[in-house]
Student: 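Take this structure, written in structure tokens, and hold onto it; I'll ask about it next.
Worth knowing before you read on, the calculation uses all heavy atoms, side chains too, and leaves out hydrogens, waters and symmetry mates. Remember, it's a predicted structure, so these values are computed and weren't measured experimentally.
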There are 2 protein chains.
Amino acid sequence: LDYQHVQVPFEITLWIMLASLAKIGFHLYNKLPSVVPESCLLIFVGLIMGGIIYGLNDRSPPVMDSDIFFLYLLPPIVLDAGYFMPSRPFFENIGTILLYAVVGTIWNVFGIGFSLYGICQVKAFRLQDVSLLHNLLFGSLIAAVDPVAVLAVFEEIHVNEKLHILVFGESLLNDAVTVVLYKLFRSFCEMPTIKSVDVFAGVGKFFVVGLGGVLVGLSFGFTAAFTTRFTKDIRVIEPLFVFLYSYLSYLTAEMFHLSGIVAIISCAMGMKRYVEANISLKSHTTVKYFMKMWSSVSDTLIFIFLGVSTIGENHEWNWPYICFTVIFCLIWRALGVLVLTFFVNRFHVNTITSKDQFIIAYGGLRGAICFSLVFLLPDFHRKKLFIAATTVVILFTVFVQGMTIRPLVDLLAVKRKRESAPTVGEQIHIRFLDHLLAGIEDISGHWGQYYWKDKLEYFNSKYLQKILLREYDQPKSSIVLLYEKLERKHAIELAQAGQLGHGPAHPSFLCSAFLCSSSDRTVITDQKLEDTPNPDVLDNMQEILARNLYRIRRTGPAYNRHTLPGDSEPTEHAKEILILRHKSL
Amino acid sequence: LDYQHVQVPFEITLWIMLASLAKIGFHLYNKLPSVVPESCLLIFVGLIMGGIIYGLNDRSPPVMDSDIFFLYLLPPIVLDAGYFMPSRPFFENIGTILLYAVVGTIWNVFGIGFSLYGICQVKAFRLQDVSLLHNLLFGSLIAAVDPVAVLAVFEEIHVNEKLHILVFGESLLNDAVTVVLYKLFRSFCEMPTIKSVDVFAGVGKFFVVGLGGVLVGLSFGFTAAFTTRFTKDIRVIEPLFVFLYSYLSYLTAEMFHLSGIVAIISCAMGMKRYVEANISLKSHTTVKYFMKMWSSVSDTLIFIFLGVSTIGENHEWNWPYICFTVIFCLIWRALGVLVLTFFVNRFHVNTITSKDQFIIAYGGLRGAICFSLVFLLPDFHRKKLFIAATTVVILFTVFVQGMTIRPLVDLLAVKRKRESAPTVGEQIHIRFLDHLLAGIEDISGHWGQYYWKDKLEYFNSKYLQKILLREYDQPKSSIVLLYEKLERKHAIELAQAGQLGHGPAHPSFLCSAFLCSSSDRTVITDQKLEDTPNPDVLDNMQEILARNLYRIRRTGPAYNRHTLPGDSEPTEHAKEILILRHKSL
């Protein structure tokens with residue numbers, strides 16, 4: 001037996017296997033996931049595992065290594081989040097999201113830091129040795145809402161799109177603020193004296209860290225898109241580039257102390273539309289599937305490790321400090337949301353309701369990022385207290401808030417996500433309104449979001465697409481793409497229906513084969529008609545389908561402010577008229 | 001700048017990126033890959049990279065770590081090979097493959113070892129200090145044909161299926177022999193005296209290592225199939241199990257000093273048909289795509305690293321020894337193939353032609369496995385000589401043999417792979433003959449391959465499928481599966497044709513919509529017929545399609561010796577008669 005040799009990959013594989021099997025286990029009993037969020041179950045599995053390891057070895061189980069978390073487990077989740085980010089609601093609410101992420105996080109950090117410092121002054125609690133700077137440092141790591149935890153809970157409760165993007169966007173973008181504040185306070189802790197220059201430099205860093213991340217991400221994203229222009233002959237490595245470039249953007253940003261999360265999200269959002277157009281359909285399926293799989297496994301591993309790391313002797317249980325931390329986290333977040341939303345609502349027509357505000361405040365879950373940051377703290381005599389407080393806050397938010405948020409959403413009747421995808425008609429109208437508003441903004445000289453969106457679209461179709469797309473001839477509108485997707489899906493469904501029923505599966509084929517020659521052979525037709533289900537209904541269906549498919553297909557390049565619609569050919573017109581006449585008869 | 005922190009993943013990502021970009025680069029200039037095999041180009045890139053590193057750092061570039069090779073780079077390639085192994089030709093030729101892999105490899109090891117020992121006795125070469133055992137140890141690592149190198153070259157030259165499987169199967173299965181002999185001689189080198197017991201124990205190990213690998217692989221494979229029974233609700237992690245279980249089988253085999261390659265191949269071949277039936281179509285696409293991608297990247301990295309590792313100061317250039325190694329490798333392989341094929345041909349009707357024999361002997365490429373094994377040798381004063389000889393043999397086989405094998409195949413007019421897939425008719429006849437031969441063997445009391453295959457199939461449908469498949473009701477024959485696949489492909493093609501041409505894309509829909517109601521509205525029909533291209537041809541096509549699709553679909557459960565064909569329903573009969581009548585009219 002040579003265990004040493006294979007230890008590292010063997011143990012990694014076994015952990016992933018455990019995570020996957022745990023996931024399967026939960027779904028075997030159908031009712032469990034609908035009551036308890038998966039994240040809670042996974043932490044519970046982790047607690048049991050940690051208990052077993054602790055019992056067998058009689059020493060603390062290994063804690064989740066911060067490097068492993070930040071370098072290997074976090075990037076897949078953030079990549080998945082960025083790649084599947086609904087860009088329209090995100091950019092429509094970007095101002096509000098940034099306000100929550102930047103001002104809200106700073107508010108929480110200082111609020112929690114100063115009020116905990118107040119608690120430390122109470123002599124009965126024996127906490128006078130915790131300085132203000134240490135409290136602020138602790139505040140900076142405990143204040144940040146965690147994207148992994150938020151995603152895990154909000155994906156299951158299906159609130160409306162705007163509410164979801166507000167909480168989730170905040171949890172992603174606050175990374176830049178957290179990174180800056182955490183590093184600032186940590187370096188202040190080690191400095192003998194703090195000059196006012198350092199404080200100003202810290203404020204300047206916000207912009208460097210955030211905007212630098214965006215720049216790094218976008219440049220890697222566009223390089224990725226450009227690379228996939230040349231993969232036509234070796235389709236098989238296409239998915240690789242999506243993963244490689246986004247991971248490189250994350251690592252590069254981390255290397256320069258910029259925000260890795262912001263970088264990987266910009267990279268994913270920047271490359272998505274170009275990469276999708278360049279790579280083959282199968283590559284795209286693989287990219288999407290693998291991204292989902294990877295993030296799902298990372299997510300599972302993180303929660304299991306959170307549970308495992310909780311067991312052990314790393315904690316100093318000073319209950320007053322811990323309890324006040326939980327309370328201050330709740331209070332300051334609620335206050336912050338209330339105050340900020342008040343300002344947001346003054347400048348928006350589509351306001352955030354009080355129900356939504358409650359869910360935003362209540363959905364501020366903490367997770368593995370706080371946990372990893374607290375272990376990264378330099379050693380000092382109260383580190384174990386901070387670890388204990390962080391663990392309790394995470395478990396409280398994930399278990400109590402995570403399990404009660406679904407009943408609360410039901411109770412408050414918070415507006416849910418619409419079930420159905422927007423119809424083609426809706427999509428056309430949304431597009432039309434966008435152009436209209438862009439035009440109005442242009443005429444009135446107001447540089448609003450529609451104006452900028454239009455300018456960006458123009459720049460994209462004029463320059464970017466020509467450089468980044470392989471087969472660039474006409475801009476394919478999202479409606480045409482949607483139609484293509486629907487048609488493909490429909491075709492596959494047809495084929496599958498053919499497999500499942502052993503009877504005549506392609507009614508169109510069979511029916512047409514018979515009825516095409518029905519005019520003179522009525523004997524066969526009559527016998528046939530008894531077998532096929534409702535030939536009239538079938539005729540009708542096919543007619544509608546044929547007319548609609550034909551019409552949408554004819555649409556071709558979408559309407560665009562910068563192109564003139566080309567004259568459709570006369571034969572096409574003739575066909576359409578024929579179809580319409582056929583319908584009216 | 002904090003490079004230390006991200007160094008490991010950053011450098012790994014950069015190497016993979018380099019490998020992928022190199023692959024793209026070769027394919028940009030179309031003529032290059034058709035003349036020079038990709039493996040040669042990649043080694044060349046590696047040589048340049050190595051030269052640059054050597055020039056900049058003024059010390060040897062890092063050599064490929066044997067652990068990295070065996071634990072991370074080799075498994076994806078072998079998994080890919082095992083998963084996509086054409087099982088029919090493989091099992092038809094299993095006897096010949098095993099003869100080449102076991103007896104042929106032993107023949108080569110001892111042939112090369114003893115004749116190199118003879119060379120060492122020539123005083124002029126100054127090699128008297130290389131003992132017989134060291135020569136045999138060197139023989140054991142240089143004799144093995146390398147699956148990675150063989151696959152890289154043979155995938156490009158498209159020889160006939162039997163020839164391909166003979167060379168490729170040998171290169172995979174000789175791993176068990178190589179592992180045993182290499183470890184045996186290495187332990188002999190370290191022992192003071194060798195007893196005859198040790199030699200017998202060595203012979204016994206062959207069976208343990210080989211059969212143990214098969215057992216480990218099959219048990220993991222069946223566990224994987226069983227696990228995928230329960231993934232219906234979480235489709236997204238299905239692909240993971242395929243990778244996790246096969247990797248675990250490899251690691252477990254390596255841990256017990258069994259043959260990891262044999263284990264992962266048995267695992268992949270064992271689980272394939274059950275996993276494919278259990279997982280969703282998209283999961284399956286992802287599995288296949290990712291496997292191909294991963295093996296392609298591993299392959300690229302291996303050849304690049306081979307090139308990089310060649311540069312440096314690890315070599316002792318004793319040219320007589322090196323040249324004779326190359327010559328003996330060629331001679332002993334040629335002799336071995338001739339002698340073994342002579343015996344094989346005496347017992348087979350379908351003989352191996354002399355052209356095929358030449359290609360088998362000539363296709364014995366050496367690669368990264370030899371290279372990694374030579375670096376794993378314990379330190380002794382002639383290790384650098386062995387490294388130099390191995391490097392030269394690899395470069396010689398990959399460059400000279402790899403580049404000339406394609407012209408030679410053309411020149412000798414070796415039978416090529418048939419371009420088209422077998423028709424449904426052929427498949428039915430093959431199946432029919434299989435059953436016939438199984439019956440003949442059963443009656444005559446001869447336990448041949450058809451008899452065993454039939455018994456295995458019976459065991460599979462009676463027990464294994466019931467345990468391992470989720471939706472087990474009727475055994476789906478490969479023909480029905482093929483038909484489903486064709487129908488799906490056809491449907492997607494239809495949908496895509498609809499996107500590309502902006503005219504009427506679904507002729508069946510349009511045509512049927514019009515012609516269904518053509519009996520009384522002749523005006524429209526006449527006008528319409530002018531527009532559609534050749535309505536008669538279209539009718540004809542649809543008729544043929546409808547008839548054929550319908551008929552194959554009706555086949556249902558395949559013919560099976562162990563089931564009686566169920567009576568088809570009377571309505572189905574009536575329909576078929578109608579169709580036939582319709583045809584005859």
Student: Would you mind telling me which of B/H5, B/K232, B/E254 has the largest number of heavy-atom pairs within less than 4.5 Å of chain A?
Tutor: B/H5
Student: With a 4.5 Å cut-off on heavy-atom pairs, point out which of A/M293, A/R235, A/K288 contacts chain B the most.
Tutor: A/M293
Student: Identify which part of A/L71 has an atom lying under 4.5 Å from any heavy atom of chain B, answering side chain, backbone, both or neither.
Tutor: side chain
Student: Using 30° and 60° as the class boundaries, would you call the ring planes of A/F226 and A/F230 parallel, tilted or perpendicular?
Tutor: perpendicular
Student: So what's closer than 4.5 Å to chain A heavy atoms on B/H257: side chain, backbone, both or neither?
Tutor: side chain
Student: For B/D299, give me all partners under salt bridge (Lys or Arg N to Asp or Glu O under 4.0 Å), at least two apart in sequence or on another chain.
Tutor: none
Student: Between the side chains of A/S283 and A/S280, does any donor sit under 3.5 Å from an acceptor?
Tutor: yes
Student: Is the closest side-chain heavy-atom distance between B/L376 and B/F70 below 4.5 Å?
Tutor: yes
Student: Based on non-hydrogen pairs under 4.5 Å, which of B/Q7, B/Q4, B/K292, B/M17 is most in contact with chain A?
Tutor: B/M17
Student: Which atoms of A/Y3 come close to chain B, meaning under 4.5 Å heavy atom to heavy atom: side chain ones, backbone ones, both, or neither?
Tutor: both
Student: Taking side chain as everything from C-beta outward and backbone as N, CA, C, O, which of these in B/I16 sits under 4.5 Å from a heavy atom of chain A? Side chain, backbone, both or neither.
Tutor: both
Student: Considering only heavy atoms, which portion of B/T300 lies under 4.5 Å from any heavy atom of chain A: side chain, backbone, both, or neither?
Tutor: neither
Student: So what's closer than 4.5 Å to chain B heavy atoms on A/Y72: side chain, backbone, both or neither?
Tutor: side chain
Student: For chain B, find which of A/V8, A/I24, A/V297, A/V6 contributes the most heavy-atom pairs closer than 4.5 angstrom.
Tutor: A/I24
Student: So which part of A/L240 gets closer than 4.5 Å to some heavy atom of chain B, the side chain, the backbone, both or neither?
Tutor: both
Student: Nearest 0.5 Å please: distance from the OG1 atom of B/T228 over to the CD1 atom of B/I237.
Tutor: 11.5 Å
Student: For the interface with chain A, which of B/L21, B/T231, B/V287 has the highest count of heavy-atom pairs at distances below 4.5 Å?
Tutor: B/L21
Student: Output the distance between atom OG1 (B/T252) and atom CZ (B/F256), rounded to the nearest 0.5 Å.
Tutor: 7.0 Å
Student: Determine, for B/K282 against B/E238, whether the closest basic-nitrogen to carboxylate-oxygen distance falls under 4.0 angstrom.
Tutor: no
Student: By a 4.5 Å heavy-atom criterion (distance strictly below it), what part of B/Y245 contacts chain A: side chain, backbone, both, or neither?
Tutor: both
Student: Do A/P239 and A/F290 have side-chain heavy atoms sitting under 4.5 Å apart?
Tutor: no
Student: Compare all side-chain heavy atoms of B/M291 with those of B/V242 and state whether any distance is below 4.5 angstrom.
Tutor: yes
Student: What part of A/S20 lies closer than 4.5 angstrom to a heavy atom of chain B: side chain, backbone, both or neither?
Tutor: both
Student: Please examine the side chains of B/W15 and B/L301, heavy atoms only from C-beta on, and report whether any two atoms are closer than 4.5 Å.
Tutor: yes
Student: Using non-hydrogen atoms and a 4.5 Å limit, figure out which bit of B/F243 sits close to chain A: side chain, backbone, both or neither.
Tutor: side chain
Student: Which region of A/I234, side chain (C-beta onward) or backbone (N, CA, C, O), has a non-hydrogen atom less than 4.5 Å from a non-hydrogen atom of chain B, or is it both or neither?
Tutor: side chain
Student: Nearest 0.5 Å, what's the CZ-CG distance between A/F220 and A/L248?
Tutor: 5.0 Å
Student: By a 4.5 Å heavy-atom criterion (distance strictly below it), what part of B/Y247 contacts chain A: side chain, backbone, both, or neither?
Tutor: side chain
